[in-house]
Amino acid sequence: MRTSQFPLNTVKETPSDAEIASHQLMIRAGLVRKLAAGLYNWLPLGVRILQKVESIVREEMNNAGALEVLMPVVQPAELWEESGRWEQYGPELARLKDRHGREFCLGPTHEEIITELARNEVKSYKQLPVSYYQIQTKFRDEIRPRFGIMRSREFIMKDAYSFHLTDESLQETYDRMFQAYTNIFSRLGLNFRPVIADTGSIGGNASHEFHVLADSGEDAIAFSTGSDYAANVEKAEALAPSAPRTDANTNLTKVSTPNKRSIEDISAFLNVTTADCLKTLLVKSDDDTVVALLLRGDHELNEIKAEKIEGVSSPLTMASDEDIKNTANCNAGFIGPIGLDIRIIADRSAAKMANFVCGANENDMHYTGVNWGRDLAESTQIEDLRQVVEGDASPDGNGTLTIARGIEVGHIFQLGTKYSEAMKASVLDENGKNQTMTMGCYGIGVTRVIAAAIEQNHDAKGIIWPDALAPFQIALLPMNMHKSERLKDAAEKLYIELQEAGFDVLFDDRKVRPGFMFSDMELIGIPHRIVLGDKGLDNGMVEYRARTDSDNQDIPIEQIIQHLKTNINQ
RNA sequence: CGGGGUGUAGCGCAGCCUGGUAGCGCAACUGCUUUGGGAGCAGUGGGUCGGGAGUUCGAAUCUCUCCACCCCGACCA
């Protein structure tokens, strides 16, 4: 492709509303333009990258035996009512009516549609297992779209769904998909990790998220230093401290702590560590009463863990100021378990504390020297409530945890029969009996992969595409071609030869200054660059430079194609 | 949804406090020069100052209202 035929819509200035590198660079490099909050136009250069991702995804899904389908963006409400999600889904589900007043939604995902498709098309166990996939636009009316393409409202997703007669069959396909995902992200040249994920309220046996590691990632992931264990921190289990509880060796004392509300204030005021303070959180229960959650002061509540506990409201809701006043008889900041006559759930670490500080259920007062079993009853319910922190023991018993940030680009999980049961998707088995199919689902955020790749691969000059994602593999830059007929001939000849050798080449035939070409090509991230100049031609040489290099290499012109073949990961 | 902020040329911004009919840089276009790291000079075009209402002789500027966009929050009592 020639730049004269393929305009590069690059901009020199950083857009004021872009926060993270990928968002800034996608706009500066002319990949996308914002249309409205969370909605983007894709320009020609961006579309080439999208197509690269899509074709790799398509190949690997086909290799995994999945069949491509295409389902509508607009979906009838009836199907969502069948699954129960018309009610469950909040305002994130964009709903609309047609001219006859019939209700529809814009698909945020396609479980209902695929289940409807499968129950009509799949009748016999002989047709199982079967996997379908599509690459399609989704719409989710996010509370707060941000970071450009990373969290937009409309985005492209590859979603696959599998149907099975047995759980064993589901597991087999799940494993195959796991492998396909590993292949896809490896081929895309990304530094990624599969991590154990929360299955959500759906249940099911297994779920993995695939994360691209990047500091700007929205998710925190816990890794073991001693094994392959990796889990989303939402899911990572915090084990009870292995050391036994210290003996009670201080007396219970009530102290005045005027206006010291936060754990930090208290620990500084009483000159103890935050780990010596007990944090008491009041949350709503299912039946609208209040439950106390106890945590060590230096730990944070993991809401996902908390809301899974029987009786605790889901989604987790903190008690109102009024509730606090009524149950603890004081303001937030001075609550404690002593004399608190409600259900109390203690975190594993909190239950191992001794000689600690807690609120006295009286404004501006705290207790010090508190001990379980002596000053208050031993907790009757001890649970894993907290977020894991760096240095915690790995739940699999090998090594300790470190925490890194990741961008979720893929998610696979075993759905079981949630949709097939609700929507009566069944087949006849060998005995002619109806059996509900069991399902798996597997997603990849195609557009998000691109943003994630940029987060992971960029420098001050611009994007650095992995070979597999690059819109063009090679930038062919003639220096002042319009002034030298000889140079023009050599460039045109090489351009043709490179194409014949199977490379995607961007030939910069614009009449612009060299520095302008260099900057543009670096900004849009073309991984390999060939520069043709009159001086080099005198010696039969061209210059080669990878986007990641800091120096040029002089290569004899007749060897350049071979040189590229050995340097490019096709 | 709560809090904060911003809307002025395609992009980035100044002007607003203290009202007097709109400006800078980049980009675009023309010409000349220049040509190995986002060129120089000269010139040209482009703006319902987010929308509406109000105050005023006069509003980008003051008041009200609506809208859009951005940031923070919606777990640490």
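On a predicted model such as this, the values are computed, not experimentally measured, just so you know. Every chain is numbered from 1, with letters handed out A, B, ... down the list of sequences. Only this structure's heavy atoms are used, side chains among them; waters, hydrogens and symmetry mates stay out.
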A.B. asks: Quantified in whole Å, what is the P atom distance between nucleotide C49(B) and nucleotide U8(B)?
C.D. replies: 11 Å
A.B. asks: When the P atoms of G51(B) and A39(B) are compared, how many Å lie between them, rounded to an integer?
C.D. replies: 36 Å
A.B. asks: Please check the phosphate of U35(B) (OP1 and OP2 only) for any side-chain N or O of K511(A) closer than 4.0 Å.
C.D. replies: no
A.B. asks: Given C70(B), A77(B), G12(B), which nucleotide is nearest the side-chain atoms of K34(A)?
C.D. replies: C70(B)
A.B. asks: So which nucleotide does U30(B) pair with, by the Watson-Crick or G-U wobble rule with both distances under 3.5 Å?
C.D. replies: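 Pair assignment: U30(B) / A42(B).
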A.B. asks: Look at the side chain of N480(A) and decide which nucleotide, out of C69(B), C26(B), G36(B), has an atom nearest to it.
C.D. replies: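 Selected nucleotide: G36(B).
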A.B. asks: Tell me yes or no: between the side chains of S207(A) and H411(A), is some donor less than 3.5 Å from an acceptor?
C.D. replies: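 The criterion, which ignores hydrogens and geometry beyond distance, is satisfied for H411(A) and S207(A).
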A.B. asks: Which whole number of Å gives the distance between the P atom of A9(B) and that of C66(B)?
C.D. replies: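 Result for the P pair: 25 Å, nearest Å.
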A.B. asks: Go through C76(B), G36(B), C69(B) for me and flag the one nearest to the N552(A) side chain.
C.D. replies: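 So the nucleotide nearest the side chain must be G36(B).
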A.B. asks: Give none if G47(B) has no partner; otherwise give the nucleotide forming a Watson-Crick or G-U wobble pair with it, both distances under 3.5 Å.
C.D. replies: none
A.B. asks: I want to verify a distance call: between G36(B), A39(B), A77(B), whose nearest atom is closest to the R513(A) side chain?
C.D. replies: A39(B)
A.B. asks: Which part of the nucleic acid, if any, lies within reach of L295(A) when heavy atoms closer than 4.0 Å are counted: base, sugar-phosphate only, or nothing?
C.D. replies: nothing
A.B. asks: Pick base, sugar-phosphate or nothing for R545(A), based on heavy-atom distances below 4.0 Å to the nucleic acid.
C.D. replies: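 Touches a base.
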A.B. asks: Which of these nucleotides, C75(B), C11(B), G37(B), is closest to any side-chain atom of E522(A)?
C.D. replies: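 Of the candidates, G37(B) comes closest.
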A.B. asks: Roughly how far apart, to the nearest Å, are C26(B) and G38(B) at atom P?
C.D. replies: 15 Å
A.B. asks: Should the pair H23(A) and Y40(A) be assigned to parallel (<30°), tilted (30 to 60°) or perpendicular (>60°) ring geometry?
C.D. replies: perpendicular
A.B. asks: Ignoring the backbone of R28(A), work out which of G38(B), C70(B), C26(B) is nearest its side chain.
C.D. replies: G38(B)
A.B. asks: Considering every strand and a 4.0 Å limit on heavy-atom distances, what is the contact class for G333(A): base, sugar-phosphate, or nothing?
C.D. replies: sugar-phosphate
A.B. asks: A319(A) near the nucleic acid: base, sugar-phosphate alone, or nothing, with a heavy-atom cut-off under 4.0 Å?
C.D. replies: base
A.B. asks: Looking at every strand, decide which applies to D534(A) at a 4.0 Å heavy-atom threshold: base, sugar-phosphate, or nothing.
C.D. replies: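 Touches nothing.
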A.B. asks: Counting only Watson-Crick pairs (N1-N3 plus N6-O4 or O6-N4) and G-U wobbles (N1-O2, O6-N3), all under 3.5 Å, who is the partner of C17(B)?
C.D. replies: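 Here C17(B) is not engaged in any pair, so there is no nucleotide opposite it.
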A.B. asks: With no angle test and no hydrogens, is the base of G38(B) tied to the side chain of D520(A) by a donor-acceptor pair under 3.5 Å?
C.D. replies: yes
A.B. asks: In whole angstrom, give me the gap between the P atoms of U61(B) and G15(B).
C.D. replies: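 15 Å, rounded to whole Å.
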A.B. asks: State the pairing partner of C1(B); accept Watson-Crick or G-U wobble contacts with both distances under 3.5 Å, and report none otherwise.
C.D. replies: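 Paired with G73(B).
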A.B. asks: Report yes if a side-chain nitrogen or oxygen of T280(A) is closer than 4.0 Å to either non-bridging phosphate oxygen (OP1 or OP2) of A77(B); otherwise report no.
C.D. replies: no
A.B. asks: Between F6(A) and F472(A), how do the two ring planes meet: parallel, tilted or perpendicular, split at 30° and 60°?
C.D. replies: perpendicular
A.B. asks: Any idea which of A27(B), G36(B), C70(B) is nearest the D17(A) side chain?
C.D. replies: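 Per side-chain heavy atoms of D17(A), the pick is C70(B).
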A.B. asks: E19(A) has a side chain; which of C71(B), C76(B), C69(B) sits nearest to it?
C.D. replies: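 When the side chain of E19(A) is considered, C71(B) is the closest of C71(B), C76(B), C69(B).
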A.B. asks: Look at the side chain of N371(A) and the backbone N and O of N355(A), then say whether any donor-acceptor pair between them is shorter than 3.5 Å.
C.D. replies: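 Answer holds: yes.
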A.B. asks: Which residues satisfy the salt bridge (Lys or Arg N to Asp or Glu O under 4.0 Å) test with R153(A), sequence neighbours excluded?
C.D. replies: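 Partners of R153(A) by the salt bridge (Lys or Arg N to Asp or Glu O under 4.0 Å) criterion, ordered by chain and then number, come out as D141(A).
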A.B. asks: Is there a donor and acceptor pair, one atom on the side chain of R529(A) and one on the base of G37(B), closer than 3.5 Å?
C.D. replies: yes
A.B. asks: Whether T10(A) contacts G38(B) is assessed here as follows: a side-chain N or O lying under 4.0 Å from the phosphate OP1 or OP2. Is that the case?
C.D. replies: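 False: T10(A) side-chain N/O out of range (4.0 Å or more) of G38(B) OP1/OP2.
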A.B. asks: Could you give the CG-to-P distance, from L35(A) to C69(B), as a whole number of Å?
C.D. replies: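 Distance check: L35(A) CG to C69(B) P gives 10 Å.
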A.B. asks: Just compare A77(B), C69(B), C11(B) and give me whichever is closest to any side-chain atom of E13(A).
C.D. replies: C11(B)
A.B. asks: Answer with yes or no whether the side chains of T3(A) and D509(A) bring together a donor and an acceptor at under 3.5 Å.
C.D. replies: yes
A.B. asks: What is the base-pairing partner of A60(B), counting Watson-Crick and G-U wobble geometry with both distances under 3.5 Å?
C.D. replies: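 The answer is none; no pair meets the criterion.
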A.B. asks: Identify the nucleotide, in any strand shown, that forms a Watson-Crick or G-U wobble pair with C24(B), with both distances under 3.5 Å; if there is none, say none.
C.D. replies: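 Base-paired to G12(B).
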A.B. asks: F516(A) side chain: which of C71(B), G38(B), C75(B) is closest?
C.D. replies: G38(B)
A.B. asks: In the structure shown, which nucleotide is the Watson-Crick or G-U wobble counterpart of G37(B), with both distances under 3.5 Å?
C.D. replies: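 Here G37(B) is not engaged in any pair, so there is no nucleotide opposite it.
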A.B. asks: Taking side chain as C-beta onward, heavy atoms only, is M479(A) less than 4.5 Å from D534(A)?
C.D. replies: no
A.B. asks: Run through L281(A), L340(A), I344(A), D347(A) and flag the one making a side chain to side chain contact (heavy atoms under 4.5 Å, CB included) with L294(A).
C.D. replies: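 Of L281(A), L340(A), I344(A), D347(A), side chain to side chain contact (heavy atoms under 4.5 Å, CB included) with L294(A) is met by I344(A) alone.
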A.B. asks: Under 4.0 Å between any heavy atoms, over every strand shown, what does V531(A) touch: base, sugar-phosphate, or nothing? Just pick one.
C.D. replies: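 The residue V531(A) makes base contact.
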A.B. asks: Mark yes or no for a side-chain to base donor-acceptor pair under 3.5 Å between E543(A) and G36(B), with no hydrogen or angle criteria applied.
C.D. replies: yes
